[in-house]
There are 2 protein chains.
Amino acid sequence: MKPSLVTIGPNGHFCSDCAVRESAVCSSLDAVELREFEHLGRRVRLGSGETVFSEEDISTSFYNLLEGVMRLYKLLPDGRRQIVGFALPGDFLGMNVSGRHNFSADAIGAVTVCQFAKTPFGRFIEDRAHLLRRINELAIRELDHARDHMVLLGRRSADEKVAAFLLGWRERSFALKGRSDTVPLPMSRQDIADYLGLTIETVSRTFTKLERHGVIEIIHGGIRLLDPARVEALAAA
Amino acid sequence: MKPSLVTIGPNGHFCSDCAVRESAVCSSLDAVELREFEHLGRRVRLGSGETVFSEEDISTSFYNLLEGVMRLYKLLPDGRRQIVGFALPGDFLGMNVSGRHNFSADAIGAVTVCQFAKTPFGRFIEDRAHLLRRINELAIRELDHARDHMVLLGRRSADEKVAAFLLGWRERSFALKGRSDTVPLPMSRQDIADYLGLTIETVSRTFTKLERHGVIEIIHGGIRLLDPARVEALAAA
DNA sequence: CGCCAAAATTGATCTGGGTCAATCGGCTTT
DNA sequence: AAAGCCGATTGACCCAGATCAATTTTGGCG
């Protein structure tokens, strides 16, 4: 879907009461810096399925995800897709060395991002090592996750992939909605399949199998973990 | 294999005539800084198969690879292994957020690294934004590669994986030994398999098949690309 | 509510790559 | 040069997960 970016102007909000104030890149800024920072970003809303940026596009902005979920993916020429990650509020997107995006990003459901033009953002960062360190920390965290995911993609069975996915997603959801055994799944089965390197049929069958065995319950918009320990055992083995 | 680190003392070398002076993290340092930097690192040699650090170890040092090749990998409890990357001269290892290594690294053949204790290195970096930026750049480059590799692991066939591996490795070898259609492969078939998410048998069969088709020639210690265009076609599709 | 389209599930069948099991071949050791 | 070893290759067979093909369920909308 093509983008129809709706700006909310720099006046319609304040960084100081932003939902991700404490978790995003901004967490490294003090109150004074935040004031200046406020003028660099503009809030943008996107509808479900809209694309924020595409692979190979020249990257002109950084994005700070404020609300919603995004899928980050790469496509092969023949249409095969690999989702390289899901972004949640507080995630920082748009870093690259080539000047072009190395993956595409689109909204799963409604999304709000804070968009920063690269040049002023780069200037702001320049003499603020703490912000740079914070960005570096986020990149390294991302790298960690990427390596874990390589293990999953290269060496785990379908059952293990699905179980690990449920646990991983539950973990990330905690930060937003608090601890719970109900895992909300805003993305489609196809998205899950493309994230795990499986087909949609295998994902569906695996969920059904786990439900038959009383390990999970498939509910509207998510999965309830009836027996979290069994899920963990499946994911670990 | 257990490490038997052999130090070459800070006196036995100079950063200024280091092989990776221009490509490693050090490329961001000027002549004056280099003098100080010199005292932070110590050269360490490792024999074939020796482990530099293991996953879950508390990380106390950073490493700058000077000579040789290393495999970086993660193990599952049951022994399955995923190689998350190969390190070449100029690569910088040891960054993490948790204080523990998130993968293991060992030498493929003889290796020389430049080891930096974390604390003094961190102090040196502190007020040098250009070094921090350089490290950030290396992390982002790594992240790029990791995402490409996820696509390979999750969505490509065995033939495509092997072809893409040969091209990728050839590309990296260029930086060291110059452009050539002979791809040196210092790692074992098992290493290649664990990098590509395949078995050793499949890697071997794929090589043999490509050779039968006149696309490559299997030579001692590597592969010669007889028909690079065909290899590229295989990798792309 | 009833209609339509998209998403998800389920079933039947197929196959790429894994598993198991011999060799093979190149080095090292003696 | 014979023996032993370890990595690599090859062959025969198998199976997890893909593919193909219907349904079934869900969600949006007049």
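So that the names make sense, note that chain A is the first sequence line, chain B the second, and so on, each numbered from 1.
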Check your understanding: Could you walk me through whether B:Phe207 and B:Ile192 pass the side chain to side chain contact (heavy atoms under 4.5 Å, CB included) check?
Key -> CA-CA 11 Å; B:Phe207 278 152; B:Ile192 299 174; 4.2 Å; yes
Exercise for review: Select base, sugar-phosphate, or nothing to describe what A:Thr199 touches, counting heavy atoms under 4.0 Å on all strands.
Suggested key: base
Check your understanding: Mapping A:Thr202 and B:Thr202 onto DNA chain C by nearest heavy atom, which one lands closer to the 5' end?
Key -> A:Thr202
Practice item. Identify, residue by residue, the members of residues 148-168 of chain A with a heavy atom below 4.0 Å from DNA chain C, and return them in order of residue number, or none. Key: none
Review point. What pairs with B:Phe92 under ring-ring contact (aromatic ring centres under 6.0 Å, His included), at least two apart in sequence or on another chain?
Key: B:Phe62, B:Phe121
Check your understanding: Which pairs count as salt bridge (charged side-chain N to carboxylate O under 4.0 Å, His left out) when at least one residue sits in residues 54-63 of chain A, sequence neighbours excluded?
Key -> A:Glu55-A:Lys74
Practice item. Report the residues that fulfil side chain to side chain contact (heavy atoms under 4.5 Å, CB included) with A:Thr182, sequence neighbours left out, ordered by chain and then residue number. Key: A:Ser180, A:Ile219, A:Arg224
Point to revise | Pair A:Met95-A:Glu142, side chain to side chain contact (heavy atoms under 4.5 Å, CB included): steps then yes or no | key: CA-CA 11 Å; A:Met95 291 178 288; A:Glu142 212 38 58; over 6 Å; no
Review point. Just by distance, do the side chain of B:Arg45 and the backbone of B:Ala110 share a donor-acceptor pair under 3.5 Å?
Key: no
Revision key, fill the gap. Residues pairing under salt bridge (charged side-chain N to carboxylate O under 4.0 Å, His left out) where one sits in residues 195-219 of chain B, two or more places apart or in two chains, turn out to be B:Asp159-B:Lys209
Exercise for review: Identify the 5'-most and 3'-most nucleotides of DNA chain C with at least one atom closer than 4.0 Å to a non-hydrogen atom of chain B.
Suggested key: C:dG17 to C:dC27
Review point. Just checking B:Ser204: base, sugar-phosphate only, or nothing, at a heavy-atom cut-off of under 4.0 Å?
Key: base
Study note, to complete from the structure: Sorted by chain and number, sequence neighbours left out, side chain to side chain contact (heavy atoms under 4.5 Å, CB included) with B:Arg172 holds for B:Phe86, B:Leu88, B:Asp91, B:Trp169
Practice item. Please report how far the helix from C:dC1-D:dG30 to C:dT30-D:dA1 bends, comparing the axis fitted to its first five pairs with the axis fitted to its last five, to the nearest 10 degrees. Key: 40°
Practice item. Not counting sequence neighbours, which residues clear side chain to side chain contact (heavy atoms under 4.5 Å, CB included) with A:Leu225? List them please. Key: A:Leu166, A:Leu167, A:Arg170, A:Asp181, A:Val183, A:Ile216, A:Ile223, A:Pro228, A:Val231
Practice item. Please report the C-alpha distance between B:Arg81 and B:Asp191 in whole Å, then the side-chain angles of each, then the deciding distance to 0.1 Å, and finally whether the salt bridge (charged side-chain N to carboxylate O under 4.0 Å, His left out) criterion is met. Key: CA-CA 9 Å; B:Arg81 184 177 70 158; B:Asp191 286 342; 2.7 Å; yes
Exercise for review: Would you check, one step at a time, whether the test side chain to side chain contact (heavy atoms under 4.5 Å, CB included) holds for B:Leu93 with B:Leu72?
Suggested key: CA-CA 10 Å; B:Leu93 303 173; B:Leu72 317 179; 3.9 Å; yes
Review point. Among all residues two or more places apart in sequence or in another chain, which pass the side chain to side chain contact (heavy atoms under 4.5 Å, CB included) test with B:Ser23?
Key: B:Val20
Review point. B:Phe53: what forms a ring-ring contact (aromatic ring centres under 6.0 Å, His included) with it, not counting sequence neighbours?
Key: B:Tyr63, B:His101, B:Phe103
Check your understanding: Looking across every strand, which nucleic acid part, if any, lies under 4.0 Å from B:Gly197 by heavy atom: base, sugar-phosphate, or nothing?
Key -> sugar-phosphate
Check your understanding: Going 5' to 3' on DNA chain D, which nucleotide is the first and which the last to come under 4.0 Å of a heavy atom in chain A?
Key -> D:dG17 to D:dG27
Check your understanding: If each of A:His220 and B:Glu201 is mapped to the nucleotide of DNA chain D with the nearest heavy atom, which maps nearer the 5' terminus, i.e. the 5' end?
Key -> B:Glu201
